[in-house]
Amino acid sequence: MKHDYDLIVIGGGAAGLTASGVGVSFGAKTLMIEKARLGGDCTWYGCVPSKIMLNLGKKAAISGRVVTSAEIRKKLDHIRNEIYKDADHPDKFRAMGMDVLEGDASFTGKNSIVVNLPDGESREISGKYFCIASGGRAFVPQIDGIDKIPYLTNHNLFEMQELPKSMIIVGAGPIGTEMAQAFNQLGTQVTVIDRGSRIMPKDHPELADNLQKILENEGITYFFDAELKAVKGDKSSITATIFQKGGNQDLKADKILFATGRRPNIEQLGLEKAGVTFITSGIVVNTGCRTSQKNIYAIGDVAGKYQFTHMAEHMAKVAITNALLKFPMKIDSKNIPWVTFTEPELAHVGQSKKELDEQGINYHTYRFPYSMIDRAITDDKTEGWIYIYAKKWNGKILGADILGAHAGELISQYGLAMKNGLTLRNIADTIYPYPSYALGARRAADQWYIQNQSAGLVKWIKRIFGYRGPLPDVSDSDRIV
Ligand SMILES: Cc1cc2nc3c(=O)[nH]c(=O)nc-3n(C[C@H](O)[C@H](O)[C@H](O)COP(=O)(O)OP(=O)(O)OC[C@H]3O[C@@H](n4cnc5c(N)ncnc54)[C@H](O)[C@@H]3O)c2cc1C
């Protein structure tokens with residue numbers, strides 16, 4: 001049976017844009033459907049506006065100059081629109097050879113959808129393959145009083161006209177932490193509450209603790225092991241009641257922001273009609289991004305597995321390669337990086353120390369401090385550490401964590417090495433330019449040589465060549481050179 005399209009992509013965020021771009025490049029007759037604006041969360045409500053806020057905050061902190069609400073608004077609107085025009089505009093994608101349709105899509109069967117168009121009309125369209133890329137939205141806990149107050153999520157945070165004087169942020173994960181620093185640096189009095197005992201629970205505890213201390217010193221107040229019980233107030237004043245250490249306490253601020261996790265956009269998709277299995281956290285997919293229905297794939301935040309733009313793009317490539325080329329490709333779950341773009345940045349790739357310990361894997365941690373990276377010293381950015389987890393006998397890299405300036409750039413050195421089977425020895429033997437932060441990544445790798453240095457070998461060298469110098473002191477197994 002002939003279908004209207006070879007490939008139909010539902011959603012035009014990072015995942016959908018990549019999937020339809022790859023699809024059309026493989027020669028598939030492709031349709032991308034988006035109900036709002038192409039670009040999705042990343043361009044409009046996520047990565048881009050949050051990094052603009054961090055950049056404005058950093059500049060304000062360095063210069064001491066007050067950045068006005070009008071300046072913030074102008075930057076947010078200008079940069080997002082520029083990115084939309086340059087990279088996300090429907091005409092760009094039409095020019096690639098695909099059709100782009102504005103509307104709300106839902107399945108009527110495993111090979112058919114109905115699209116509700118903005119003019120109130122609807123269209124039935126059939127497709128051979130489908131890629132669901134409908135993303136996610138902020139999860140807001142249903143606490144007492146929540147329906148009666150105006151609250152912020154990432155969806156309306158970047159549309160605010162006035163910078164609040166004070167703000168409570170619920171959640172100390174990456175979004176809550178980035179926004180805490182940005183707003184605090186811009187002059188908002190920030191209080192963060194979290195039911196956990198520290199910030200960034202998925203990152204290395206020591207590095208996350210270091211970052212937390214830096215943020216506390218900048219003036220952010222944290223309440224940990226604190227359960228938000230109730231909220232009340234209006235558009236200019238909010239009272240949040242938290243339960244902590246056996247008692248209730250009221251916190252007051254102008255605004256409250258929820259950074260309490262994400263929920264997949266699955267409710268309106270008619271998944272039952274297509275026979276696609278889903279759970280609360282998202283559409284269930286296998287390692288090739290295929291759903292329970294053979295011709296339907298799900299990628300990006302809607303699959304609820306990895307909520308990053310780079311993973312949305314990676315999953316799109318995996319799904320479309322499997323669907324259109326029938327070439328088996330799997331999600332590369334071993335080498336996933338993530339970065340929290342605070343100052344200093346906190347970055348991770350691969351397996352965490354916790355995972356390695358839980359799995360009983362034999363590894364060694366190679367550490368190097370920013371205080372020994374010359375470029376960090378000249379830039380006065382000596383706060384931070386590089387931690388690499390690797391096999392002692394051959395230097396095979398299993399994972400890495402970095403806290404420090406440009407950590408988000410440095411982490412990819414280890415990602416590239418891991419993906420391509422390069423070891424710490426390969427990195428240590430590579431020439432890096434001086435004085436660069438990347439040289440710190442190499443010097444961290446040098447520690448593999450240092451830790452494997454043996455007094456016995458030096459004894460042999462001395463004997464063979466008749467050298468008269470002292471033997472190296474290798475008694476401290478944790479030494480950093
Ligand atoms: C504040 C914040 C900061 C972030 N910072 C980073 C970062 O620094 N780095 C990073 O990697 N990630 C970051 N993320 C996460 C990143 O934004 C997401 O992982 C990414 O946008 C997911 O892309 P997606 O295509 O899966 O979904 P989305 O971008 O949400 O796109 C889904 C699209 O589908 C459309 N849609 C939904 N249902 C339908 C339907 N039925 N019919 C038609 N269209 C539909 C929606 O309108 C939307 O445009 C951040 C997120 C937030 C909230």
Side-chain angles (χ1 to χ4, degrees), residues 8-21 31-55 76 84 88 90 100-107 113-118 122 125 130-139 152-158 169 171 173-180 182-183 257-271 274 282-283 285 289 298-316 319 336-342 345-348 408:
I8 297 182
V9 178
I10 301 174
L17 292 172
T18 309
S20 44
L31 169 68
M32 173 166 55
I33 306 162
E34 167 57 55
K35 67 175 179 184
R37 281 176 296 188
L38 292 186
D41 258 17
C42 186
T43 303
W44 299 108
Y45 317 113
C47 330
V48 172
S50 59
K51 280 20 168 227
I52 297 171
M53 295 299 285
L54 281 164
N55 186 39
L76 283 169
Y84 176 68
D88 301 341
V100 180
L101 187 62
E102 187 184 347
D104 201 328
S106 65
F107 286 96
I113 50 166
V114 62
V115 184
N116 295 314
L117 305 168
S122 62
I125 308 174
F130 286 85
C131 205
I132 307 171
S134 54
R137 59 186 186 277
F139 165 72
L152 297 166
T153 66
N154 70 297
H155 207 80
N156 53 0
L157 178 69
F158 307 111
I169 299 180
I175 297 174
T177 301
E178 283 188 356
M179 290 305 91
F183 277 84
L257 166 68
F258 284 90
T260 34
R262 312 278 301 160
R263 280 288 178 273
N265 291 327
I266 47 176
E267 296 81 359
Q268 318 297 330
L269 290 171
L271 294 175
I283 295 176
V285 292
C289 298
I299 55 175
D301 281 13
V302 74
K305 276 188 171 221
Y306 317 102
Q307 289 162 341
F308 304 110
T309 290
H310 45 273
M311 286 311 289
E313 291 175 355
H314 173 68
M315 289 176 85
I336 298 175
W338 65 73
V339 182
T340 302
F341 291 92
T342 40
E345 295 175 352
L346 183 57
H348 171 83

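Each ligand, and each atom within it, is numbered from 1 in the order the structure gives. Throughout, residue positions are numbered sequentially from 1 according to the sequence presented. All values below were derived from every heavy atom in this structure, side-chain atoms included, with hydrogens, water molecules and symmetry-related copies excluded.
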Query raised in the report: Which ligand 1 atoms does Phe341 reach within 4.0 Å, using its non-hydrogen atoms?
Result: 8 (O)
Requested in this report: Assess Lys51 for proximity to ligand 1: is some non-hydrogen atom of it under 4.0 Å away?
Outcome: yes
Requested in this report: For residues His314 and Tyr306, determine if any side-chain heavy atom of one lies less than 4.5 Å from a side-chain heavy atom of the other.
Outcome: no
Report task. Give the residue and atom name of whichever protein heavy atom lies nearest to atom 15 (C) of ligand 1, and the separation in Å to one decimal. Result -> Gln307 O, 3.6 Å
Query - Candidate with minimal heavy-atom separation from atom 36 (N) of ligand 1, of His310, Glu313, Lys35 - result: Lys35
Report task. Select the closest option to atom 52 (C) of ligand 1 among Gly46, Gly40, Gly16, Cys42, judged by heavy-atom distance. Result -> Gly46
Requested in this report: For atom 42 (N) of ligand 1, find the nearest protein heavy atom and state the residue, atom name and distance (0.1 Å precision).
Outcome: Ala105 N, 3.0 Å
Query raised in the report: Do Thr153 side-chain atoms and His155 backbone N/O form a donor-acceptor pair below 3.5 Å?
Result: yes
**Report entry** Contact (N/O only, under 3.5 Å) between Val302 and ligand 1
**Finding:** no
Query - Exceeds 12 heavy-atom contacts within 6.0 angstrom, atom NE2 of His310 - result: yes
Report summary line: Within the 4.0 Å heavy-atom cut-off, what Ile10 brings close to ligand 1 is side chain
Requested in this report: Could you tell me whether Leu269 approaches ligand 1 through its side chain, its backbone, both or neither, with non-hydrogen atoms closer than 4.0 Å?
Outcome: side chain
Query raised in the report: Is the number of heavy atoms from other residues, nucleotides or ligands within 6.0 Å of CD (Gln268) greater than 12?
Result: no
Report task. Output yes when the distance from some N or O of ligand 1 to some N or O of Asp104 is under 3.5 Å, and no in every other case. Result -> yes
Report task. Please answer whether the main-chain N or O of Val114 pairs with a side-chain N or O of Ser122 as donor and acceptor at a distance below 3.5 Å. Result -> no
**Report entry** Non-hydrogen atoms of Ala319 and Ile299 that approach each other most closely
**Finding:** CB-CG2, 3.6 Å
Query raised in the report: Are any non-hydrogen side-chain atoms of Phe183 and Leu257 less than 4.5 angstrom apart?
Result: no
Requested in this report: Considering the heavy atoms of Ser50, write down every atom of ligand 1 situated less than 4.0 Å from one of them.
Outcome: 3 (C)
Requested in this report: State whether the shortest distance between N or O atoms of Ala14 and N or O atoms of ligand 1 falls below 3.5 angstrom.
Outcome: yes
Report summary line: The side chain to side chain contact (heavy atoms under 4.5 Å, CB included) partner of Val115 among Ile33, Ile10, Leu31 is Ile33
Query raised in the report: What atoms in ligand 1 come closer than 4.0 Å to a heavy atom of Tyr45?
Result: 1 (C), 53 (C)
**Report entry** Region of Trp338 that comes within reach of ligand 1 [heavy atoms, distance under 4.0 Å]
**Finding:** neither
Query raised in the report: Does any non-hydrogen side-chain atom of Leu17 lie less than 4.5 Å from one of Glu313?
Result: no
Query raised in the report: Non-hydrogen atoms of Arg137 versus ligand 1: any pair closer than 4.0 Å?
Result: no
Query raised in the report: If you measure from atom 9 (N) of ligand 1 to every heavy atom of Cys47, Gly136, Gly39, which option wins on shortest distance?
Result: Cys47
Query raised in the report: What protein heavy atom is closest to atom 31 (O) of ligand 1, reported as residue, atom name and distance in Å?
Result: Gly13 CA, 3.4 Å
**Report entry** Closest protein heavy atom (residue, atom, distance) for atom 19 (O) of ligand 1
**Finding:** Asp301 OD1, 2.8 Å
Report task. Compare every heavy atom of Ala303 with every heavy atom of Val285, then report the nearest pair and how far apart it is. Result -> CG2-CB, 4.2 Å
Query - Donor-acceptor contact below 3.5 Å, side chain Asn265 vs main chain Ser134 - result: yes
Requested in this report: Nearest heavy atom to atom 43 (C) of ligand 1 wins, so pick from Ser134, Gly103, Pro264.
Outcome: Gly103
Report summary line: Candidates Ala15, Gly408, Gly300; heavy atom nearest atom 25 (O) of ligand 1 found on Ala15
Query raised in the report: Looking at atom 30 (O) of ligand 1, what's its closest protein heavy atom, distance included?
Result: Gly135 CA, 3.5 Å
**Report entry** Protein residue, atom and distance nearest to atom 34 (O) of ligand 1, heavy-atom basis
**Finding:** Gly11 CA, 3.3 Å
**Report entry** Ile33, Ile175, Thr309: member with heavy atom nearest to atom 1 (C) of ligand 1
**Finding:** Ile175
**Report entry** atom 53 (C) of ligand 1 [closest protein heavy-atom partner, distance rounded to 0.1 Å]
**Finding:** Asn154 ND2, 3.3 Å
Report task. Report yes if Asp41 has an N/O atom closer than 3.5 Å to an N/O atom of ligand 1; otherwise report no. Result -> yes
Query - Polar side-chain atom of Arg262 near backbone of Phe139 as donor-acceptor pair, under 3.5 Å - result: no
Query raised in the report: Mind checking whether Trp338 and Gln307 have side chains closer than 4.5 Å, heavy atoms only?
Result: no
Query raised in the report: Are the side chain of Asn154 and the backbone of Tyr45 linked by a donor-acceptor contact shorter than 3.5 Å?
Result: yes
Report task. May I ask you to test the Phe107-Ile132 pair for a side-chain heavy-atom distance under 4.5 Å? Result -> yes
Query - Non-hydrogen atom of Gln268 closer than 4.0 Å to ligand 1 - result: no
Report task. Walk me through it: do Ser50 and Phe158 pass the test side chain to side chain contact (heavy atoms under 4.5 Å, CB included)? Result -> CA-CA 8 Å; Ser50 59; Phe158 307 111; 4.0 Å; yes
Query raised in the report: Quick check: does any side chain N or O of Trp44 sit under 3.5 Å from a backbone N or O of Leu38, one acting as donor and the other as acceptor?
Result: yes
Query raised in the report: Using a heavy-atom cut-off of under 4.0 Å, does the side chain or the backbone of Arg262 touch ligand 1, or both, or neither?
Result: side chain
Query raised in the report: Among protein heavy atoms, which lies nearest atom 48 (C) of ligand 1, and at what distance?
Result: Glu34 OE1, 3.4 Å
Requested in this report: Determine whether any heavy atom of Ala133 lies closer than 4.0 Å to an atom of ligand 1.
Outcome: yes
